[in-house]
Amino acid sequence: MSNTDRILQLRAELHQHNYNYYVLNQPTISDRDFDFLMKELEALEREHPEMADPNSPTQRVGSDISNDFQQVAHRYPMLSLGNTYNRADVQEFYNRVESELGKGNFDICCELKFDGLSVSLIYEQGRLVRALTRGDGQKGDDVTANVRTIRSIPLQLPEGSGYPEELEIRGEVLLPYASFERMNAELEAAGKTLFANPRNAASGTLKTKDSRVVARRGLDAFLYYIPSPLDIKSHSAALKQARQWGFKVSDKMRLVHSLEEIYAFIDEWYEGRKSLPFATDGIVLKVDNLAQQQALGYTAKTPRWAIAYKFPAERGLTRLNEVTFQVGRTGAVTPVANMEPVHLAGTTVRRATLHNEDYIRQLDLHEGDYVYVEKAGEIIPQVVGVELSRRQPDAVPVRFIDHCPECGAPLTRYEGEAANYCTNDATCPPQIKGRIEHFISRDAMNIDSLGPETIADYYANGIVLDVTDLYTLRERFAESTGFFGTTPEQEYLQRTFGGSKNVSGKKVLDAIDASKQVPFERVLYALGIRFVGKVVAKTIARHFRSIDALMAATEEQLTEVEGVGQVIAQSVVHFLHAEKNQQLIARLCDAGLQMQMEEKEQLSSSLAGLSIVISGTFAQHSREEYKALIEAHGGKNVSSISKNTSFILAGEAMGPAKLEKAQSLGVPLVTEEEFLQRIEQ
């Protein structure tokens with residue numbers, strides 16, 4: 001046998017042994033024998049560099065090459081699941097599915113909800129070629145080099161197992177408790193900051209730039225969803241097939257046929273999860289039939305055929321030491337409970353939110369009280385109650401402040417608002433820094449070389465006092481060259497950005513320049529208008545097309561946009577009519593930011609003025625492709641049927657509830673063939 005043949009043989013054997021050990025938990029050789037095979041392969045690969053392969057088992061040890069993670073678009077959007085914390089919502093989900101699909105006509109797949117980091121794996125000809133994080137759902141970070149070190153993820157699918165030429169599969173990367181405890185022990189011995197919980201540790205590890213560190217930490221992965229099309233009719237059958245291809249799929253999945261069986265599964269794993277070797281924070285429920293999933297469809301953020309039930313939060317009792325107050329970027333003042341440490345859901349908690357003034361009054365909170373603390377969604381600690389039996393007789397009630405703890409300005413409370421706000425939005429430091437941090441965030445301008453500490457440093461040194469100062473940094477640095485020490489600002493700029501070895505300074509300036517290409521919808525979100533989140537910003541931007549048109553819009557015109565109510569409309573108009581904001585927008589325009597939507601190719605105006613709902617599954621195009629076609633021909637996509645709906649593009653397996661509503665409102669149905677003929681003409 002030639003050396004090259006032996007290399008291929010060893011790789012195949014080691015891939016199989018990895019699968020046996022890390023996925024099946026059924027090793028067929030000793031660790032010693034495995035190491036001998038690995039050393040033989042390493043030696044042969046050194047002799048034959050022309051046989052280099054990133055998917056070789058020898059590459060799982062990681063590399064010391066630093067990689068700044070690139071963002072790559074998902075072929076299929078990675079949507080989040082709708083979350084619920086009570087059984088009433090589970091019942092509502094089940095009843096809605098039943099009303100759409102008919103009683104007894106569907107199965108629900110119950111699975112554990114893994115507490116880790118979502119990833120999408122792409123295989124071509126059975127070889128792992130890319131791994132992406134969820135990111136913003138539309139694109140994610142390319143973490144392929146780090147994922148290759150996770151031994152439960154196959155680099156090469158078994159020959160002859162029938163895998164498709166192109167395959168995308170999604171799952172959760174997590175850190176088992178044993179690995180988490182070992183890692184934190186190592187960090188503690190080195191005098192470094194510990195990770196708060198296994199989920200944070202898994203996320204932080206997967207984003208580590210040195211893949212050798214990733215390889216040492218012992219990440220694991222479970223795969224649970226295949227978005228790419230297969231000739232398979234159900235979700236459970238797809239996962240069964242994935243297991244045959246060598247993927248680690250949970251054996252805790254169960255098909256159920258009633259609401260009572262769902263509740264039984266929840267009850268079983270509420271206690272059963274405590275004996276698992278990894279963290280799980282709930283149950284995921286999915287309609288099993290894939291055609292029925294397509295018929296149920298999606299909202300803007302979540303699939304309508306799935307829901308996540310979160311287990312009730314763990315509760316602890318501890319002593320309240322004091323209440324302090326924080327100021328956010330909108331000026332909202334949030335009271336924070338500072339407490340004796342208490343262990344909750346795998347973490348040590350010392351601070352918890354008290355929400356607002358009304359919440360403190362509702363609790364009748366006194367200084368020195370013993371309070372009950374929970375983690376909302378096992379993430380955000382909050383005080384949920386007081387143990388009155390342990391209150392001291394001379395305890396003083398906690399009083400909400402009436403002046404800003406940062407700038408001393410009076411607080412105010414707007415009608416209909418629960419929060420108290422600092423009235424000084426012009427010079428209050430936390431508000432200014434908060435607006436800058438929001439502006440540079442990934443979902444906004446994505447200036448990812450900056451962070452809260454850097455922004456605080458820039459602000460303290462007078463370098464960045466509002467977001468427009470970011471776009472003069474390069475110019476101010478250039479002007480400071482040759483005048484080192486003339487002013488404190490010039491000295492700071494030289495120290496921060498000067499010198500050929502100052503890579504971080506160059507990255508900051510390059511990232512700021514790159515942000516000038518961020519599309520208008522994200523620029524609008526970055527402005528930080530109250531109540532205008534990512535989805536609303538995108539909707540408004542697509543409707544008005546430019547900042548000039550938006551600034552000229554009235555409240556009435558804004559409320560005509562789908563998803564924009566009176567409160568949002570008033571907030572947008574108030575923000576855009578403020579002179580200081582108009583000046584800020586003008587400076588951003590001068591800096592070269594994108595203040596209008598790119599004009600997409602308009603194929604025709606045959607659907608101009610029509611509001612169209614898409615329902616069911618289709619043979620010739622995907623639902624997303626049909627949405628794009630509707631917009632390209634002048635039409636408007638809407639999510640729900642109303643008297644204003646022009647027609648429904650109806651595919652196979654259209655839900656009975658939608659059909660009934662369409663008939664009651666007299667909304668016509670258009671088949672896939674009729675629709676295509678219409679736009680072709």
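Since the structure is predicted, the reported quantities are computational estimates derived from the model, not experimental observations.
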Taken to the nearest 0.5 Å, the spacing of Ile641 CD1 from Ile648 CD1 works out to 3.5 Å
Tyr309 ring center within less than 6.0 Å of Phe265 ring center
no
Taking the side chain as everything from C-beta on, heavy atoms only, tell me whether Val536 gets closer than 4.5 Å to Tyr525. no
N/O donor-acceptor pair under 3.5 Å between His74 side chain and Arg134 backbone | yes
Practice item. Give a yes or no on whether Arg96 atom CZ has more than 12 heavy-atom contacts from other residues, nucleotides or ligands under 6.0 Å away. Key: yes
With heavy-atom distances below 4.5 Å as the criterion, would you say the side chains of Lys310 and Thr84 are in contact? no
Report task. Assess whether side-chain contact (heavy atoms from CB on, under 4.5 Å) is satisfied between Glu165 and Glu124, documenting all intermediate values. Result -> CA-CA 6 Å; Glu165 287 192 5; Glu124 294 177 2; over 6 Å; no
**Prompt:** Side-chain donor-acceptor pair under 3.5 Å between Ser120 and Glu168, yes or no?
**Reply:** yes
The ring-ring contact (aromatic ring centres under 6.0 Å, His included) partners of Tyr224 (sequence neighbours excluded) come to none
Separation between CD (Gln91) and CG (Leu259), nearest 0.5 Å, reads 5.5 Å
In terms of heavy-atom contacts, Ala131 and Thr144 come closest through N-OG1, 2.9 Å
| query | Within the side chain of Asp107, is there an N or O that forms a donor-acceptor pair under 3.5 Å with the backbone of Leu255? | reply | no
Residues Gln382 and His355: side-chain donor-acceptor under 3.5 angstrom: yes
| message | Main chain of Gly565, side chain of Thr559: is a donor-acceptor contact present, judged purely on distance under 3.5 Å? | response | no
Check: Within the distance-only criterion (no hydrogens, no angle test), does the side chain of Thr133 pair as donor or acceptor with the backbone N or O of Asp141 below 3.5 angstrom?
Finding: yes
Rounded to the nearest 0.5 angstrom, the CD1-CZ distance for Ile226 and Phe247 is 7.5 Å
| request: Given side-chain contact (heavy atoms from CB on, under 4.5 Å), test Ile283 with Lys113 step by step and report yes or no. | output: CA-CA 5 Å; Ile283 300 296; Lys113 184 178 183 298; 5.9 Å; no
Between Glu181 and Ala178 (side chain of the first, backbone of the second, donor and acceptor by atom type, cut-off under 3.5 Å), is there such a pair? no
key: Validation row: Leu174, Thr280 side chains within 4.5 angstrom (heavy atoms)   = no
When every non-hydrogen atom of Cys110 is compared with those of Leu285, the smallest separation belongs to SG-CD2, 3.6 Å
Lys139 and Gln71 have their tightest heavy-atom pair at CE-OE1, 3.2 Å
Are the side chains of Leu276 and Lys252 in touch, meaning some heavy atoms are under 4.5 Å apart? yes
Review point. How about Phe278 and Tyr177: are their ring centroids closer than 6.0 Å?
Key: no
Is the side chain of Trp245 donor-acceptor paired with the backbone N or O of Pro158 at a distance under 3.5 Å, no angle test? no
Rounded to the nearest 0.5 Å, the CZ atom of Arg127 sits from the CG atom of Leu167 at a distance of 14.5 Å
Looking at Arg243 and Asp251, does any basic side-chain N land under 4.0 Å from a carboxylate oxygen? no
Self-check item: Flag side-chain contact, heavy atom, 4.5 Å: Tyr76 against Arg170
Solution: yes
query: Any idea how Phe114 and Phe222 line up, ring-wise: parallel (<30°), tilted (30 to 60°), or perpendicular (>60°)?
result: parallel
Item checked: Ion pair check, Glu166 and Arg75, cut-off under 4.0 Å -> yes
What one should report as the nearest heavy-atom pair of Ile568 and Val532 is CG2-CG2, 4.2 Å
Please examine the side chains of Glu261 and Ser258, heavy atoms only from C-beta on, and report whether any two atoms are closer than 4.5 Å.
-> yes
Charged N-O contact under 4.0 Å between Arg273 and Glu268: no
Do the side chains of Ile262 and Tyr94 get nearer than 4.5 Å, heavy atoms only?
yes
Any chance you could lay out the side-chain contact (heavy atoms from CB on, under 4.5 Å) test for Gln292 and Trp305, step after step, and finish with the verdict? CA-CA 8 Å; Gln292 291 177 335; Trp305 43 266; over 6 Å; no
With a 6.0 Å cut-off on ring centres, are Tyr163 and Tyr123 close enough? no
Would Val147 and Thr149 satisfy side-chain contact (heavy atoms from CB on, under 4.5 Å), going step by step from the backbone distance to the final call?
CA-CA 5 Å; Val147 163; Thr149 70; over 6 Å; no
Rounding to 0.5 Å, atoms CD1 (Ile540) and CD (Glu521) come to a distance of 12.0 Å
Point to revise | Any donor-acceptor N/O pair, Ser605 side chain to Ala608 backbone, under 3.5 Å | key: no
Within the supplied structure, the quantity of interest is the number of heavy atoms (other residues, nucleotides, ligands) at a distance under 6.0 Å from Gln566 CD; does it exceed 12? yes
> Taking the six-membered ring of Tyr298, is the NZ or CZ of Arg304 close enough (under 6.0 Å from the centre) and on axis enough (within 45°)?
Replying inline: no
Does the side chain of Val119 come within less than 4.5 Å of Leu121's, by heavy atoms?
-> yes
message = Within the supplied structure, the quantity of interest is the number of heavy atoms (other residues, nucleotides, ligands) at a distance under 6.0 Å from Arg530 CZ; does it exceed 12?
response = yes
> So, the side chain of Asp115 versus the backbone of Arg199: is there a donor-acceptor pair under 3.5 Å, distance only?
Replying inline: no
Worksheet item: Distance only, no hydrogens: is a donor on one side chain within 3.5 Å (strictly under) of an acceptor on the other, for Ser152 and Asp220?
Response: yes
- Arg217 side-chain N/O to Leu175 backbone N/O, donor-acceptor pair under 3.5 Å: no
In short, Leu296 meets Val287 closest at the heavy-atom pair CD1-CG2, 3.7 Å
Under 3.5 Å donor-acceptor, Ser664 side chain and Lys661 backbone: yes
With sequence neighbours left out, the residues meeting ring-ring contact (aromatic ring centres under 6.0 Å, His included) with His257 are none
dist Leu607:CG -> Phe647:CZ (nearest 0.5 Å) comes out at 5.5 Å
For Ile307 and Asp89, the nearest pair of non-hydrogen atoms, with its separation, is CD1-O, 4.3 Å
Taking atom types as modelled, find out whether Asp288 and Ser236 have a side-chain donor-acceptor pair closer than 3.5 angstrom.
yes
Does a side-chain N-to-carboxylate-O contact under 4.0 Å join Lys286 and Glu111?
yes
Query raised in the report: Between Arg315 and Tyr372, is NZ or CZ placed under 6.0 angstrom from the six-membered ring centre and within 45° of the ring axis?
Result: yes
Would you call Asp443 and Arg522 a salt bridge, using N to O less than 4.0 angstrom? no
